Amino acid sequence: MSFEARILRVADIFPAMCQNRPYRKGLDAEGIAAFIGKLSQQGRVDEEVAALACACCREAIQMARA
């Protein structure tokens, strides 16, 4: 799978997990980072891309708290 496709695979998770659904509430940045980290540990998403996405989530959290 190309690097671009691996990025899109992780990027597609963000809007899906942020939105409220009839069966669950949307997650905040911390929840999304944890979810992506779990998917990475399971080998379902690229580890490098997941680490970068989680770093972006952590940065967004820090910015929001500042």
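Here the structure is a predicted model, which is why all the values come from computation and not from measurement. Throughout, residue positions are numbered sequentially from 1 according to the sequence presented.
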What distance do [X] atom [atom1] and [Y] atom [atom2] have between them, rounded to the nearest 0.5 Å?
X: L27; Y: F14; atom1: CG; atom2: CZ; result: 11.0 Å
X: I13; Y: I32; atom1: CD1; atom2: CD1; result: 9.5 Å
X: E47; Y: L52; atom1: CD; atom2: CG; result: 11.0 Å
X: I7; Y: R9; atom1: CD1; atom2: CZ; result: 13.5 Å
X: M63; Y: C56; atom1: CE; atom2: SG; result: 10.5 Å

Are V10 and D46 side-chain neighbours, meaning at least one heavy-atom pair lies under 4.5 Å?
no
Taking the side chain as every heavy atom from C-beta outward, state whether R24 and M17 have any pair of such atoms under 4.5 Å apart.
yes
Would you say V45 and F3 are hydrophobically clustered, going by side-chain heavy atoms of ILVMFWY under 4.5 Å?
yes
Looking at [X] and [Y], what are the two nearest heavy atoms and their distance?
X: V49; Y: R6; answer: CG1-O, 3.8 Å
X: P15; Y: A11; answer: CD-O, 3.2 Å
X: A33; Y: C54; answer: O-SG, 3.3 Å
X: A50; Y: S40; answer: CB-CB, 3.6 Å

Using atom types as modelled and distance alone, determine if a side-chain donor or acceptor of N20 lies under 3.5 Å from a backbone N or O of G26.
yes
Check ion pair E59-R65 (N to O, under 4.0 angstrom):
no
